Amino acid sequence: MTEEIIIAGFGGQGVLSMGKIMAYSGVMQDMEVSWMPSYGPEMRGGTANVIVILSDERISSPIIRKFDTAIILNQQSMDKFEDTVKPGGILIYDSNGITRHPERGDIAIYRIDAAEEASKMKMQKVFNMIVLGGFMKVKSILKMDNVVKGLKKSLPERYHNLIPMNEEAIKRGMEIVMKVN
Amino acid sequence: MEKELKLMKGNEAIAEAAIRYGADGYFGYPITPQSEILEYLMEADPEKSTGMVVLQAESEVAAINMVYGGAACGKKVMTSSSSPGISLKQEGITYIAGAELPCLIVNVVRGGPGLGTIQPAQSDYFQAVKGGGHGDYHLIVLAPASVQEMADFVGLGFDLAFKYRNPAMILSDGAIGQMMEKVELMPYQKRSEDLPSWATTGKPETRERNIITSLDLDPNAQEKFNQKLIQKYREIEEKETRYEEFQTEDADFIFVAYGTSARICQKAVQLAREEGIKVGLLRPVTLFPFPKRRLNQLADKVKVMMAVEMSAGQMVEDVMLSVNGKTKVCHYGRMGGMIPTPDEVVENLKQIIKGE
């Protein structure tokens with residue numbers, strides 16, 4: 001099993017840290033992982049993306065242009081990455097700020113209104129964990145207890161008291177993700 | 001005991017490995033995409049734990065000369081930078097090579113020439129392998145292809161540098177520097193108090209004065225020294241050549257690639273084999289010494305060798321010299337911070353096969 005994922009959105013949405021938590025969760029499940037961020041001026045321009053690969057085998061190229069799953073959090077990223085999903089793959093997006101919704105018929109499209117939900121729950125900071133919950137529901141690769149272990153590994157100890165809040169956000173994300181097509 | 005597995009960026013792995021190996025000093029100056037090495041070391045503040053000195057110099061030139069000084073005292077010292085910064089260090093590097101001093105230099109390569117881009121490239125191959133600075137000298141050049149090797153090659157680089165009294169370089173790139181992977185770290189080692197016999201530590205009455213210099217005004221003596229250096233490089237070629245092969249046993253075609261390109265080619269090998277094209281990969285782990293002999297052997301049985309590099313074609317010249325006309329050698333590469341995809345590499349190989 002190899003899952004090749006792109007996560008893309010604005011800087012500040014927690015794109016890179018969401019990828020990191022996924023990668024750490026993979027490590028907790030004894031998987032091979034790679035986390036390859038965009039860096040430099042691309043990020044300073046406001047968009048951030050990261051390629052995460054989770055696999056049972058040694059990962060060859062960490063840099064790829066076709067993905068099993070795309071998690072898309074703004075319009076620029078939709079324009080850039082909708083076409084990079086492999087036929088039969090999955091696209092998960094937050095409709096907040098999306099002016100042109102995805103149209104492909106050869107992939108499964110899921111919508112998760114995570115930004116709206118985060119503000120309803122007054123938990124804007126765990127927006128990305130709501131999205132992660134959506135992914136975990138759609139693709140049963142990462143197990144909840146391993147994600148919690150991954151959170152413990154990737155968060156500094158002084159933030160460990162926030163882990164239950166993150167867990168709650170993930171569970172909420174699992175509930176609100178919906179299939180569009 | 002459970003293995004100490006961490007998820008780290010390549011740059012962070014280098015920094016952590018340097019502390020654990022027991023390095024005595026790091027002198028650097030920030031530049032993307034390798035600034036995390038300096039940042040990580042600054043935050044770790046190893047002077048408090050192992051006594052390792054970490055210093056941000058006022059420039060790259062200052063940093064390499066601090067390395068020169070530290071190395072002359074027999075200390076395990078290192079520096080890191082990215083392409084434009086490494087160009088600035090070249091004067092110091094040739095002096096260190098000329099003075100036969102061990103040290104570790106890390107180049108996390110970005111696109112060039114000039115300031116170029118900050119994205120990954122492999123266009124500093126000539127500079128790393130053929131000299132870079134003036135005079136007849138070589139660095140020992142290690143090419144990591146994973147975060148694990150970024151960590152492992154710190155120790156290997158220092159060991160080889162001290163064994164041969166020669167500067168060693170880790171030639172990496174922005175992709176491996178920035179990406180995170182699992183890495184298994186070595187346990188902390190104490191910094192060694194023993195200094196080599198040649199170190200300038202103050203002259204006791206029990207021995208002659210130790211002199212560290214790269215200057216000899218007598219051309220006869222200088223030529224003898226040059227011959228000694230060449231002998232050392234031959235010995236390094238004989239004993240320290242390292243490479244990895246992937247599905248070369250039955251291969252009709254071979255990719256030759258190092259670092260990030262080798263990872264891409266490994267995927268390309270899988271894709272091509274799914275289409276029935278028998279292709280393998282030879283990954284040089286040391287770029288100097290280059291796996292000439294093995295390539296020459298493989299040339300007897302393969303139709304084409306394709307060097308895949310993120311450059312206009314630099315290592316391909318060493319592949320050609322290695323096979324010495326025995327088989328066809330070609331090159332595929334992207335430049336300026338662009339990274340080839342496995343599909344692109346396979347497509348290019350197919351074009352070459354069609355032309356055969």
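Throughout, protein chains are lettered first and strands after them, A, B, ... in sequence-line order, and every chain is numbered starting at 1. These numbers were taken from a predicted model, which means no experiment stands behind them.
Of the atoms belonging to A/M28, not a single heavy atom falls under 4.5 Å from chain B. Proximity to chain B involves both the backbone and the side chain of A/K20, based on heavy atoms less than 4.5 angstrom apart. Of the two parts of A/I59, the backbone and the side chain both hold a non-hydrogen atom closer than 4.5 Å to a non-hydrogen atom of chain B. Of the two parts of B/S146, neither the backbone nor the side chain holds a non-hydrogen atom closer than 4.5 Å to a non-hydrogen atom of chain A.
Ion pairing of A/R58 with B/E181 is absent here, as no side-chain N (NZ or NE/NH1/NH2) approaches a carboxylate O to less than 4.0 Å. At a threshold of 4.0 Å, the pair A/E4-B/K267 counts as salt-bridged, since one of the basic side-chain nitrogens sits closer than that to a carboxylate oxygen.
Atoms CD1 and CG, on A/I21 and B/L7 in that order, are 11.0 Å from each other to the nearest 0.5 Å. Rounding to the nearest 0.5 Å gives a distance of 5.5 Å between CE of A/M36 and CD1 of B/I339. With values rounded to the nearest 0.5 angstrom, A/S34 atom OG is found 6.5 Å from B/R263 atom CZ. Note: A/E57 CD to B/Q270 CD = 7.0 Å, rounded to the nearest 0.5 Å. Within the model, atoms CG of B/L271 and OG of A/S60 stand 8.0 Å from one another, a figure rounded to the nearest 0.5 Å.
When all heavy atoms are compared, the tightest approach of A/I63 to B/P342 is O-CD, 4.2 Å. Heavy-atom minimum distance, B/K182 versus A/V27: CG-CG2, 3.6 Å. Considering all non-hydrogen atoms of both residues, A/W35 and B/Q178 come closest at CZ3-O, 3.7 Å.
For B/K48, the NZ atom sits in a loose shell: 12 or fewer heavy atoms of surrounding residues, nucleotides or ligands are nearer than 6.0 Å. The 12-atom threshold is exceeded at CD of A/Q124, counting heavy atoms of other residues, nucleotides or ligands nearer than 6.0 Å.
If you tally non-hydrogen atom pairs under 4.5 Å between each of B/M180, B/M179, B/Q266 and chain A, the highest count goes to B/M180.
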